[in-house]
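Since we're looking at a predicted model, the values are computed, not measured.
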Amino acid sequence: MGHLTKAHVFQIDPATKRNWIPASKHAVTVSFFYDADRSVYRIISVGGTKAIINSTITPNMTFTKTSQKFGQWADSRANTVYGLGFATEQQLQQFSEQFKEFKEAARLVRDKSQEKFELLSPGLNISSPQVLSEDRQSPPLLGVNGSSEDKLFRSKSADMEESTEKEQIRKMLSEGSICERNSEAELFSLRDSNTKLVAALHEANSSIDQWKKLLAEYQEETDRLREQVAELEAQSGVSASSETGSEELTQNMAEMEALIRAKDEEIKILRSKKPDLSELEKEREEACQRIQDLEVKNSELDKRVRTAEGALASSQDARSRAESAVQKVIETLDVKIYDLSDLRQNLAKLLEK
């Protein structure tokens, strides 16, 4: 096992096939693994005792980067879509390159296995069935009012209009899917930012508690020093007759005052280091509001996609009804043409007599 990386793992919601469901509460290890028993390459991720990712790499897989730090790939065997959220763009780029390398290795393994199979069974080539000629597949149509080429031209025009309408609906569905993926990537980024802001807020609160504790200790020490100064001043009134004692008292008082001033400066420095919690709270509220707006936008995109799917289904029903009506008209015309040919033969026989 090698090529390790860490990422947040997501899986597509099997019910909606649009929303992402977190498969891990935090970043987990994702690695590429070669299964020697089955000669396949896998992408493996384990959380505790549970396998979060167990995806077999095939040559048809494609890893798509949907944002600066988010990528996804579809696993048809597992019938799901995996998404990975990385901490940096560099990690995403490295994983994408490794995915291409292992995809190429899987292709080489598949080609070698096919060559071995062909060498072991050279007589199993089955010829493809012969294709019927165009004359047998589509006999020419006879028309009464206008040639068959005009009818064919009108049929092709209707098909072109129908295909244009389908392309427009598919384009709407594709645009809605792209916007939804971008919204989900931005929602993931905002949730990550919100988590970081909450962690910073908790850290700031713990730092404030420590600073308050230190401030209380410094204030207690300052009060104690001031009490010592007052005691020394009282003692100086008793021993005023001693000149030497007066000088020592003055020196002690100066040292105490200097120590008090130093403690006051430390208190001012600690107060200046107090962070602005209001700004952090404001940023957190803005991030929450943006998350709510994105969720509303995501629901609107879901409604647009469902509307487009309904319109596509309606257009397909209308086309099938029109085709059945045209087929009935053609069958009626064929019957009339056959009757007309019989009448012509009868007239020719009568004229001969």
Side-chain angles (χ1 to χ4, degrees), residues 4-10 20-30 45-50 52 67-70 84-92 94 184-236 248-295:
L4 304 178
T5 185
K6 281 202 173 257
H8 291 268
V9 181
F10 298 85
W20 289 107
I21 298 176
S24 61
K25 295 181 180 179
H26 50 81
V28 296
T29 301
V30 181
S45 179
V46 179
T49 59
K50 179 182 177 183
I52 301 174
S67 68
Q68 294 180 351
K69 299 179 183 179
F70 192 85
L84 297 179
F86 296 88
T88 62
E89 297 180 18
Q90 184 179 3
Q91 292 179 357
L92 174 61
Q94 290 176 354
E184 289 173 349
E186 189 175 356
L187 181 61
F188 171 78
S189 178
L190 285 174
R191 284 176 177 171
D192 191 16
S193 300
N194 188 22
T195 303
K196 292 179 180 178
L197 286 174
V198 171
L201 189 60
H202 289 315
E203 185 177 358
N205 288 331
S206 62
S207 299
I208 288 172
D209 294 336
Q210 293 177 359
W211 292 336
K212 286 181 178 179
K213 186 177 180 181
L214 289 173
L215 185 61
E217 292 178 356
Y218 289 151
Q219 287 178 349
E220 289 177 1
E221 188 174 358
T222 301
D223 294 337
R224 183 175 57 80
L225 292 172
R226 285 175 178 169
E227 290 177 357
Q228 290 180 2
V229 170
E231 291 176 359
L232 290 172
E233 288 177 350
Q235 291 177 4
S236 66
E248 291 178 356
L249 181 60
T250 303
Q251 186 178 359
N252 290 331
M253 289 178 65
E255 291 176 354
M256 291 298 177
E257 290 292 337
L259 186 58
I260 290 171
R261 285 195 297 270
K263 295 299 180 182
D264 288 336
E265 289 295 328
E266 290 181 0
I267 291 171
K268 289 180 181 179
I269 292 171
L270 288 173
R271 286 178 176 173
S272 64
K273 288 183 179 179
K274 181 180 178 181
D276 192 357
L277 297 178
S278 61
E279 293 182 0
L280 290 174
E281 188 66 25
K282 184 178 180 181
E283 291 180 0
R284 182 176 178 275
E285 291 177 356
E286 290 177 355
C288 292
Q289 183 64 35
R290 291 183 66 187
I291 289 172
Q292 293 177 358
D293 295 339
L294 283 173
E295 289 177 349

How far does [atom1] of [X] sit from [atom2] of [Y], to the nearest 0.5 angstrom?
X	Y	atom1	atom2	value
E227	R224	CD	CZ	9.0 Å
F86	K6	CZ	NZ	12.5 Å
Q292	E295	CD	CD	7.0 Å
E257	L259	CD	CG	10.0 Å
K69	T88	NZ	OG1	7.5 Å
K268	E265	NZ	CD	5.0 Å

> Should V9 and L84 count as side-chain neighbours, where that means a heavy-atom distance under 4.5 Å?
Replying inline: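 Yes, close enough: below the 4.5 Å cut-off.
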
> Are side-chain heavy atoms of Q90 and Q94 found at a separation under 4.5 Å?
Replying inline: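 Yes, at least one pair of side-chain atoms sits under 4.5 Å.
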
Could you pull out the closest heavy-atom pair between [X] and [Y], with the gap in Å?
X	Y	answer
L92	F70	CD2-N, 3.7 Å
Q219	I267	CG-CD1, 4.4 Å
F10	P22	CD2-CA, 3.6 Å

> Does S45 reach the main-chain N or O of T29 with its side chain, forming a donor-acceptor pair under 3.5 Å?
Replying inline: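 Looks like yes, one N/O pair under 3.5 Å.
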
>> Restricting to side-chain hydrogen bond (donor to acceptor under 3.5 Å, both in side chains), what partner residues turn up for D264, sequence neighbours left out?
In response: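 Once residues adjacent in sequence are excluded, D264 has no partner under the side-chain hydrogen bond (donor to acceptor under 3.5 Å, both in side chains) criterion.
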
